[in-house]
Every structure is written in structure tokens, then in C-alpha cells.
Amino acid sequence: MAKKSMINRQKKREKLVRKFAAKRAEYKRQASDMSLSPEERQQAREKLAALPRNASPVRLRNRCVVSGRPRGVYREFMLSRIAFRDLAHEGKLPGVHKSSW
């Protein structure tokens, strides 16, 4: 189980990313729009830099929804390898079964 503080920090970051997603996309579009003047593009870059750092989606970390574990997380299931194995053995993941050949 991950530390509660790290899980809460991740949730706070996710909330910030959702809050600033539209502004961030607009500033990025303006910053790369060659039809605008260089001054306007520079202003857009400065506004982008003024946004909170935790509003960047790059700062998000994949975490297991069951345990909060940050490593060994399967994206498709959003479960860590350990939680995935436990749930699969209990038969709680539909369509997943242990292979043998």
C-alpha cells in the first residue's frame, strides 16, 4: 500500500490538470501559431509558464486504483502487477485466466 500522502498528492494533481486543461491547450496553440506576431506568441509562452507546475499532465503518475502502487501498473486495467494477480486468481477480472500450455 502506498503512502496516503502520495495518493492524495496525485489526486490533487489530477484535479489541477483537469482545471487548467483548456487554458493550457489554448496557450500552447497560441504559442505555436505562426500566424500570430512574435510578441503575442511570447506572451502565450509566458502565460503558459505562469500556470501551476502541477497543472501539467506530465507530472501525473500511473497508480494502481486498488493499492496506490506507482510501479508495475498495467495501463489497460489500472492495476499493479500484484493486485492484478490477486484479482485474477479470485476470478474478479472477467476474461482473464491463468494460461497453461
Side-chain angles (χ1 to χ4, degrees):
M1 188 73 180
K3 289 169 45 175
K4 294 291 183 187
S5 61
M6 299 306 285
I7 294 171
N8 290 335
R9 188 180 299 171
Q10 174 74 7
K11 288 179 183 176
K12 185 178 176 183
R13 282 184 182 143
E14 289 170 357
K15 188 174 157 185
L16 268 176
V17 166
R18 284 193 303 272
K19 180 179 177 183
F20 287 101
K23 274 188 186 179
R24 187 170 192 78
E26 179 61 24
Y27 293 151
K28 283 179 79 88
R29 187 195 61 76
Q30 289 176 359
S32 63
D33 188 0
M34 296 306 284
S35 66
L36 296 176
S37 69
E39 293 82 19
E40 290 173 327
R41 290 197 323 247
Q42 182 62 31
Q43 275 185 333
R45 283 189 215 105
E46 289 170 0
K47 287 179 182 177
L48 187 62
L51 292 177
R53 283 186 174 188
N54 284 335
S56 173
V58 173
R59 288 187 156 229
L60 293 178
R61 177 95 177 162
N62 285 340
R63 285 191 175 269
C64 174
V65 293
V66 174
S67 64
R69 183 179 165 85
R71 295 174 184 239
V73 177
Y74 295 124
R75 288 182 189 173
E76 187 175 343
F77 296 96
M78 290 301 296
L79 294 171
S80 70
R81 58 189 176 83
I82 299 163
F84 179 84
R85 186 170 189 264
D86 291 341
L87 291 174
H89 282 310
E90 293 172 11
K92 294 184 178 176
L93 296 177
V96 176
H97 55 85
K98 189 172 180 181
S99 66
S100 63
W101 57 88

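On a predicted model such as this, the values are computed, not experimentally measured, just so you know.
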- Query: Any idea which heavy atoms bring Cys64 and Ser80 closest together, and the distance?
  - Reply: SG-N, 3.3 Å

- Interatomic distance, CG@Leu93 vs CZ@Arg85, rounded to 0.5 Å, equals 13.0 Å

- Item | Any donor-acceptor N/O pair, Asp33 side chain to Arg29 backbone, under 3.5 Å | no

- Over 12 non-hydrogen atoms of neighbours within 6.0 angstrom of CD in Glu90: yes

- Only one of Val96, Val66, Leu87 passes side chain to side chain contact (heavy atoms under 4.5 Å, CB included) with Phe77; say which it is. Val96

- Item | Closest non-hydrogen atom pair, Met6 against Arg63 | CB-NH2, 3.6 Å

- Task: Any chance you could measure Arg18, atom CZ, to Lys15, atom NZ, to the nearest 0.5 Å?
- Result: 8.5 Å

- Query: Side chains of Asn54 and Lys12: closer than 4.5 Å at any heavy-atom pair?
  - Reply: no

- Taking all non-hydrogen atoms of both residues into account, name the closest pair between Ala83 and Leu79 and its distance. CB-CD2, 4.4 Å

- Give, for atom CZ of Arg61 and atom CD of Gln10, the distance between the pair rounded to the nearest 0.5 Å. 9.0 Å

- Message: Determine whether Arg45 and Gln42 satisfy the following criterion, side chain to side chain donor-acceptor pair (under 3.5 Å), listing intermediate values before the conclusion.
- Response: CA-CA 5 Å; Arg45 283 189 215 105; Gln42 182 62 31; 2.9 Å; yes

- So do Leu60 and Glu14 actually touch side chain to side chain, heavy atoms under 4.5 Å? yes

- Query: How far does NZ of Lys92 sit from CZ of Phe84, to the nearest 0.5 angstrom?
  - Reply: 14.5 Å

- ILVMFWY network linking Leu48 to Val17, side-chain heavy atoms under 4.5 angstrom: no

- Rounded to the nearest 0.5 Å, the CD atom of Glu46 sits from the OH atom of Tyr27 at a distance of 12.0 Å

- Message: Just to verify, which of Lys23, Arg24, Gln30 counts as forming a side-chain hydrogen bond (donor to acceptor under 3.5 Å, both in side chains) with Glu26?
- Response: Gln30

